[in-house]
Number of protein chains: 2
Amino acid sequence: MARAGLTPARIIAAAADLADTDGFENVSMSAVARLFEVKDASLYAHIRSLHELRSGVAALSLAELADQVGAALAGRAGRDALVAFANAYRTYALNHPGRYASTQMSLEPAVAEQSAAGRHAAMTRAILRGYALSEPDETDAVRLLHSTFHGFVLLERGGGFSRGTRSANASWDSALNALHFTLSHWPSS
Amino acid sequence: MARAGLTPARIIAAAADLADTDGFENVSMSAVARLFEVKDASLYAHIRSLHELRSGVAALSLAELADQVGAALAGRAGRDALVAFANAYRTYALNHPGRYASTQMSLEPAVAEQSAAGRHAAMTRAILRGYALSEPDETDAVRLLHSTFHGFVLLERGGGFSRGTRSANASWDSALNALHFTLSHWPSS
DNA sequence: TAATTCTACCTAGGGGTCCTAGTCAACCGT
DNA sequence: ACGGTTGACTAGGACCCCTAGGTAGAATTA
């Protein structure tokens, strides 16, 4: 009986890959076990439950997303920062659909989540520094940006933009234009 | 053996209620069968598969959503129409989380879907008539609106706006302000 | 090196889900 | 009243989650 060399990290990484190829909803203990050519029961020595496996994927994905967005953001400001942030966000979501889907699951306020989601919010606020908003406008703007990016990416991936001849890319650029314009002339009433 | 009086419509309606109370991901043949005090196998005389059941819920929900949004929109124009549309949309999503979640599932271009989603898009375009956009700006604006509403509602329901003291309602109104402003001064470059 | 402990993986099994096939009883039109 | 249709049943296969207990190889210690 050769050992497969399972560790929580490797199991979660494999599950994340599986999510991207087969969909997050198809991430199961059995499916991941098959990847390692191991019985599903064997995974329970490393990961307590399916829920923990999926939460692990979510935490991993949030961290990756924050990394990539952070890297894209480095050294930019104002409109440049907005566009870089948005494009990095969308690129990650489209390249890693399963990982991105995992970030939607409501994970209990775990420590790992706190850090990654916190970084995310901090970066969004960093963008807004170029637009000189004060509270509570800044919070409203953060939520508007996040909503728009999240919604766009989900609809795009779900095929919601397939009708018509206008490309999703063009509409995306247009949306960024609109957001930049709104942020530049924030109606603070 | 008394008959339970199952029909596709009643089964789908029950499934939709179950989605709202227990979550769309928990809509299963077994769970719906339990509601009718019937064995799960009995449902297959009326509904071919779990996928068909869920698609049915999605079609029902899309139709309901279109109805409510359409009713809210009646007789309004311009900013009024935008706000009415948006609030009806959000209200439906928050009051019927499971039904709303069902509308996210990618249903094959079924006939039923065509009609409801088509109505939805037509109504969004009706709003924009007050802003005098021409193609392709109108398509971009439709997508921006839909993305923002969809993203906001999902994040709100997922607890994404729990941090901080700013209420979701206030941020929502602020987002509508911003959208109205952007639509009024659409940067057509 | 040899003995002991540890642990990564195993088998066995209970309970849940989707779905098919085949059966029988209740309803309905004639 | 009767024959056909159909609505719900039981039985069962395939797959899933998860627990309990066993075993063999790795790690630690004597």
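A note on names: the letters A, B, ... follow the listed sequences, proteins ahead of strands, and every chain is numbered from 1. The figures that follow rest on heavy atoms only: side chains count, while hydrogens, waters and symmetry mates do not. Owing to the predicted nature of the structure, the values given are computational and were not obtained by experimental measurement.
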Taking the minimum atom-to-atom distance to the side chain of [X], which one of [options] wins?
{"X": "His46(A)", "options": "dC9(C), dT10(D), dC17(D)", "result": "dC9(C)"}
{"X": "Ser42(B)", "options": "dC18(D), dC19(C), dC9(D)", "result": "dC9(D)"}
{"X": "Ser28(A)", "options": "dC18(C), dC16(D), dT19(D)", "result": "dC16(D)"}
{"X": "Lys39(A)", "options": "dC10(C), dC18(C), dC18(D)", "result": "dC10(C)"}
{"X": "Leu6(B)", "options": "dC9(C), dA8(D), dC18(D)", "result": "dA8(D)"}
{"X": "Ala41(B)", "options": "dA21(C), dC16(D), dC18(C)", "result": "dA21(C)"}

Quick one: label Arg54(A) by what it contacts on the DNA or RNA (base, sugar-phosphate, nothing), any heavy atom closer than 4.0 Å.
nothing
Protein-nucleotide distance ([X], atom [atom1]; [N], atom [atom2]), rounded to Å:
{"X": "Glu52(A)", "N": "dC17(D)", "atom1": "CD", "atom2": "P", "result": "14 Å"}
{"X": "Glu37(A)", "N": "dA8(C)", "atom1": "CD", "atom2": "P", "result": "20 Å"}
{"X": "Met29(A)", "N": "dC18(D)", "atom1": "CE", "atom2": "P", "result": "6 Å"}
{"X": "Arg10(B)", "N": "dA8(D)", "atom1": "CZ", "atom2": "P", "result": "9 Å"}
{"X": "Asp40(A)", "N": "dG14(C)", "atom1": "CG", "atom2": "C1'", "result": "13 Å"}
{"X": "Leu50(B)", "N": "dT17(C)", "atom1": "CG", "atom2": "P", "result": "11 Å"}
{"X": "Tyr44(B)", "N": "dA11(D)", "atom1": "OH", "atom2": "P", "result": "19 Å"}
{"X": "Leu53(B)", "N": "dC18(C)", "atom1": "CG", "atom2": "C1'", "result": "12 Å"}

Starting at the 5' end of DNA chain C, what dot-bracket string do you get if Watson-Crick and G-U pairs under 3.5 Å are bracketed, crossing pairs use [ ], other-strand pairs use | and unpaired bases use dots?
||||||||||||||||||||||||||||||
Hey, is Arg34(A) close enough to Asp40(A) for a salt bridge, meaning N to O under 4.0 Å?
no
For dC17(D), take OP1 and OP2 only and decide whether either is under 4.0 Å from a side-chain N or O of Ser49(A).
no
Donor on one side chain, acceptor on other, Glu135(A) and Thr139(A), under 3.5 Å
yes
Please find out if less than 6.0 Å separates the ring center of His96(B) from that of Tyr92(B).
yes
How about Tyr89(A) and Phe152(A): are their ring centres within less than 6.0 Å of each other?
no
Other ILVMFWY residues reachable from Phe181(B) by side-chain steps of under 4.5 Å
Phe181(A)
To the nearest 0.5 Å, what is the distance between NE2 (His46(B)) and OG1 (Thr7(B))?
7.5 Å
Which residue, Arg48(A) or Arg34(A), contacts DNA chain D at a nucleotide closer to its 5' end, judged by nearest heavy atom?
Arg34(A)
Would you mind writing out the side-chain donor-acceptor pairs for residues 67-86 of chain B within the sub-3.5 Å range, not counting sequence neighbours?
unit_1, atom_1, unit_2, atom_2, d
Asp67(B), OD1, Arg119(B), NH2, 2.6
Arg76(B), NE, Ala72(B), O, 3.0
Arg79(B), NH2, Asn177(B), OD1, 2.3

